[in-house]
Amino acid sequence: MSGFRLFDLNPAQEQAVRTIEGPLLILAGAGTGKTRVITMRVAYLVSQGIPPSDILAVTFTNKAANEMRERLATLLDSDVAKKVTMSTFHALCMRILRLDIDKLGYKKNFSIYDEGDTTGLIKKIITRTAARDEKLEPNVAKALISKAKNNGWNAPQDDKTLIGAVFARYQAELKTLNAVDFDDLLLLTVKLLNEHPDVRERWNNRFRFLMVDEFQDTNRLQLDLVSLLAKPVNAPPGARPNVAVVGDDDQSIYGWRGADMSNILEFEQHFPNPVVVTLEQNYRSTNTILGSANFLIKNNARRRAKSLWSARDGGAKVRIVQMPDDRQEAEFIANEIAQRIVTEPAKAEDFAVLYRMNAQSRSIEHNLRELHIPYRVVGGKSFFDAREIKDFLAYASCLLNTEDDVSVLRIINTPARGIGATLIERATEMSAVKGCSVFAILSDPEFRGSISKRATGAVDAFIELLDSFETKLHEPLADQAAVVRAFIQETGYLEDLHRTCKTPEEGLKRQSKVLEMIRWFEENQKKSDKGLRGFLDDMMLRQEKQEEEKKEGGDGVTLITLHAAKGLEFPHVYLIGLEEGLLPHDRSKVEGTVDEERRLLYVGITRAMRTLALTWCKNRVKYGGTMPTFVSSFVKELPAELVEHRDVSQILNEPVPETSVKGRFDSMLSFLDKL
DNA sequence: GGCGAATCGTCAACC
DNA sequence: ACGATTCGCC
């Protein structure tokens with residue numbers, strides 16, 4: 001490993017890579033080779049004799065972690081690369097908590113609640129807690145609770161106000177459910193490391209070199225976590241923790257999740273005397289695109305000034321295309337991509353369509369499908385949001401933790417097995433009074449005395465069902481995948497799923513998703529010893545679609561939200577829906593976060609390597625009906641000399657760029673090839 | 001008391 | 001256009 005070469009790095013990049021010890025702040029503008037620097041630095045550390053297992057690299061998304069893992073595998077032997085820990089914050093916390101959460105009074109088989117689960121729980125608590133004249137929007141409460149947790153829990157938790165009471169009860173309830181929410185993963189880990197120096201010391205020894213990507217998106221808790229991991233318990237004053245953080249304040253787009261830009265703007269206060277490296281040379285985009293992005297972002301006040309430059313000159317102007325409505329927007333984009341695949345040396349995977357909301361992908365998908373252009377929709381919780389997936393995960397979760405009321409209640413009458421709403425309500429009430437789980441109440445003599453004979457039969461059948469499979473699952477040497485498969489079989493869930501779908505095709509599709517899930521688990525089981533618990537953890541922390549098998553000929557056009565697109569690049573980008581109310585989003589004006597919306601557009605623009613088109617519609621379908629809209633105020637913040645405004649009708653009347661007959665024929669062939 | 005069907009209100013981004 | 005909620009029937 002001693003022969004490792006730092007090839008093709010510019011001086012700033014090389015300095016970042018070569019700085020091994022002490023705090024390091026890498027301010028990496030968009031497209032400045034950030035990922036390359038991180039992976040090179042890891043490889044360099046290893047080449048300098050640092051054991052790969054001492055290195056921890058934290059990212060925000062699984063996608064980023066995977067990408068880094070892949071890139072690292074090209075620089076190091078694969079078995080060496082595997083020893084480096086690359087993880088998301090949440091996955092890391094999960095690992096830490098699964099080992100020692102019992103020190104905080106939880107059990108090690110705790111469940112994780114996703115957004116939907118927590119909203120449901122909060123809703124229930126509000127109805128139980130609120131007086132008649134009191135009102136509290138569950139989503140508002142959830143946002144407040146989340147915010148408080150991410151700030152380290154400095155919120156009222158008492159019965160003086162409704163929200164205070166809900167706060168306190170929510171957290172208490174989670175604990176009795178033996179469950180944690182996403183925020184708890186961070187909050188409880190920080191608590192654990194704070195209150196148990198022995199645990200902290202173990203992790204201090206485990207990881208000696210930390211790297212954090214997308215540092216501008218860290219919140220208070222994540223900063224605390226990094227500090228706890230990096231600074232030994234009894235560190236002498238003046239000790240210099242080995243923490244390298246990478247980020248770009250201009251790309252901070254997770255304020256709504258508690259991200260605090262001051263973590264990066266005031267890095268020196270948390271880790272004194274860091275080496276600061278600024279990466280400003282952009283290797284991605286044309287100067288036209290960069291110039292537009294720079295001009296736009298200058299409208300933000302609170303930022304570390306940077307001047308991105310590129311050796312790549314000129315480039316086509318940024319097109320701003322106006323459409324009558326969103327239907328035609330989708331049609332135009334699909335048609336133009338189809339045309340460009342034929343007339344330009346471009347493949348489907350060179351194109352990306354970026355949007356503010358997941359819902360915007362539908363019409364694009366529809367039009368691309370019609371033209372038989374391959375595409376992939378990235379992120380969009382669609383897969384894990386589907387009811388059949390949630391049901392499946394709930395079934396699995398019950399088997400592992402029968403105290404998990406939310407999961408038990410989700411499937412207790414799915415498929416309908418005679419345990420209806422009133423019965424459930426009674427059981428829930430009694431469980432609250434007696435302070436035990438809903439599932440435990442089902443066997444309680446007092447509860448059983450209070451219900452009808454028929455109900456008792458239904459309840460018994462359910463108890464028997466869950467108990468028997470729980471036992472099977474925990475038998476030593478059990479084939480867990482087989483148990484899960486039999487469990488789903490026994491419940492008749494798939495048949496019910498089929499029955500409740502409008503069309504047989506839909507039923508088949510949903511059914512196959514469940515079966516696919518079981519198949520993943522089977523494969524997962526062969527590869528690792530994490531069992532059903534580990535598999536479920538992975539699933540809960542993956543809001544992205546499962547990596548699809550690499551298909552021949554690439555993945556096609558990428559459809560992705562602006563948030564999820566951070567860190568990616570594409571030769572040709574369409575950024576759609578540049579309308580006031582959508583981007584910037586209406587709520588951002590109320591919340592005073594228009595700057596963040598501007599950064600979001602900045603992120604979108606800087607994804608483009610060669611060409612960029614921004615589109616906006618005069619009318620957009622909203623709430624069923626068509627509503628008039630206006631062009632986004634950000635459009636006029638772009639430099640006039642670098643953009644051109646077009647109406648879609650103009651473009652459609654332009655002749656297709658002519659190529660020779662033979663050229664046309666060849667590109668036709670290659671088009672068919674690319675498909 | 002439980003089940004399926006119409007009606008109502010909602011619509012940001014992610015781990 | 002969608003899912004959660006309410007309504008009427010068994």
Side-chain angles (χ1 to χ4, degrees), chain A residues 58-65 87-94 112-116 118-120 123 137-139 143 146 150 180-186 214 217-219 221-222 252-259 326 354-360 362-363 366 378-382 384-387 390 413-426 451-455 458 496 499-500 502 537-545 560-566 577 581-588 590-591 593 596-597 599-601 603-604 620-627:
Chain A
V58 188
T59 62
F60 270 82
T61 63
N62 295 300
K63 202 168 0 115
S87 170
T88 64
F89 272 106
H90 289 83
L92 174 70
C93 290
M94 175 85 74
I112 303 153
Y113 282 178
D114 70 10
E115 223 77 340
T118 53
T119 320
K123 214 180 272 175
E137 212 48 59
N139 279 322
S146 177
N150 284 315
V180 306
D181 63 23
F182 282 135
D183 298 322
D184 280 342
L185 289 173
L186 299 169
E214 309 286 10
D217 290 328
T218 50
N219 59 33
L221 277 178
Q222 285 157 335
S252 169
I253 54 175
Y254 287 99
W256 50 273
R257 197 169 75 182
D326 48 333
L354 273 47
Y355 38 80
R356 181 66 174 85
M357 299 191 291
N358 278 307
Q360 290 173 268
R362 297 202 72 135
S363 53
H366 174 78
V378 177
K381 305 176 278 182
S382 51
F384 288 90
D385 251 8
R387 85 159 191 267
K390 291 192 152 189
N413 204 33
T414 309
R417 49 173 77 89
I419 307 179
T422 36
L423 208 51
I424 291 171
E425 197 182 326
R426 194 171 302 169
I451 60 175
S452 71
K453 187 109 187 272
R454 192 208 298 187
D496 184 64
R499 202 176 46 78
T500 54
K502 282 178 216 114
D537 286 353
D538 286 350
M539 290 300 122
M540 293 307 293
L541 293 184
R542 194 189 309 274
Q543 293 291 304
E544 299 143 51
K545 235 184 211 170
I560 192 168
T561 63
L562 288 163
H563 281 91
K566 184 148 62 86
L582 194 53
L583 183 65
H585 195 275
D586 265 333
R587 292 195 195 175
S588 70
V590 185
E591 292 164 8
T593 54
E596 184 156 308
E597 298 286 304
R599 289 194 290 269
L600 199 49
L601 176 57
V603 165
R620 182 170 290 274
V621 175
K622 230 180 177 183
Y623 298 112
T626 303
M627 311 283 269

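Below, chain A is the first sequence line, B the second, and so on; all start at residue 1. Values in this document were obtained by computation on a predicted structure and should not be read as measured data.
As judged by a 4.0 angstrom heavy-atom cut-off over every strand, A421(A) is placed among residues touching the sugar-phosphate backbone only. If you check every strand for non-hydrogen atoms under 4.0 Å, Y254(A) touches sugar and phosphate atoms only. Within 4.0 Å of R499(A), counting heavy atoms only, lie sugar-phosphate atoms of the nucleic acid but no base atom. Looking at heavy-atom distances under 4.0 Å, E596(A) makes no contact with the nucleic acid at all. Backbone-only contact: L423(A) has heavy atoms under 4.0 Å from sugar-phosphate atoms and none from a base. Among the atoms of the strands shown, base atoms are found under 4.0 Å from some heavy atom of E591(A).
Rounded to whole Å, the distance from CD on E115(A) to P on dA4(C) is 14 Å. The nearest whole Å value for the distance from the CG atom in D217(A) to the C1' atom in dC14(B) is 10 Å. Distance, R620(A) CZ to dA1(C) P: 15 Å, rounded to whole Å. Rounded to whole Å, atom P of dC14(B) lies 14 Å from atom NE2 of H90(A). Going from atom CZ of R417(A) over to atom P of dG2(B) covers 14 Å, rounded to whole Å. The distance between atom NZ of K622(A) and atom P of dA12(B), rounded to the nearest whole Å, is 9 Å. For the pair N219(A) CG and dC14(B) C1', the interatomic distance rounds to 12 Å; values are reported in whole Å. Computed from coordinates, the K566(A) NZ to dA12(B) P distance equals 21 Å when rounded to whole Å.
Judged by distance alone, the side chain of N413(A) and the main-chain N or O of I419(A) form a donor-acceptor pair under 3.5 Å. The backbone N or O of L541(A) sits less than 3.5 Å from a side-chain atom of N62(A), completing a donor-acceptor pair.
For the pair N358(A) and dA13(B), the criterion of a side-chain N or O lying under 4.0 Å from OP1 or OP2 is met. An OP1 or OP2 oxygen of dC14(B) is reached within less than 4.0 angstrom by a side-chain nitrogen or oxygen of T561(A). At dC14(B), none of the side-chain N or O atoms of R257(A) fall inside 4.0 Å of OP1 or OP2 (strictly under the cut-off).
K390(A) is not listed as a side-chain neighbour of R387(A), based on a closest heavy-atom distance of 4.5 Å or more. In this structure, L423(A) and I451(A) have side chains that are in contact, with non-hydrogen atoms separated by less than 4.5 Å. Within the 4.5 Å cutoff, the side chain of I253(A) has no heavy atoms near those of the L562(A) side chain.
Atom CZ of R417(A) is surrounded by more than 12 heavy atoms from other residues, nucleotides or ligands within 6.0 Å.
In this structure, the nucleotide among dC14(B), dA12(B), dA4(C) sitting nearest to the side chain of K123(A) is dA4(C). Taking the side chain of T422(A) as heavy atoms from C-beta on, and the options dA13(B), dG2(B), dC14(B), the nearest nucleotide is dG2(B). When each of dA12(B), dC3(B), dC15(B) is scored by its nearest atom to the side-chain atoms of N413(A), the top-ranked nucleotide is dC3(B). The side chain of R587(A) lies closest to dA12(B) when the candidates are dC15(B), dG1(B), dA12(B). Nearest nucleotide to the R426(A) side chain, out of dG1(B), dA13(B), dC15(B): dG1(B). Side chain of M357(A), nearest nucleotide from dC14(B), dG2(B), dA12(B): dA12(B).
Ring geometry for F182(A) versus H90(A): interplanar angle over 60°, hence perpendicular rather than tilted (30 to 60°).
Ring stacking is absent between H563(A) and dA12(B), as the pair misses the limits of under 5.5 Å between centres and under 30 degrees between planes. Ring-to-base geometry places W256(A) in a stacked arrangement with dA13(B) (centre distance under 5.5 Å, plane angle under 30°).
Between G418(A) and H585(A), the residue whose closest nucleotide on DNA chain B is further toward the 5' end is G418(A). Comparing A455(A) and R356(A) against DNA chain B, the residue whose closest nucleotide sits nearer the 5' end is A455(A).
One P atom belongs to dA13(B), the other to dA4(C), and the distance between them is 16 Å to the nearest Å.
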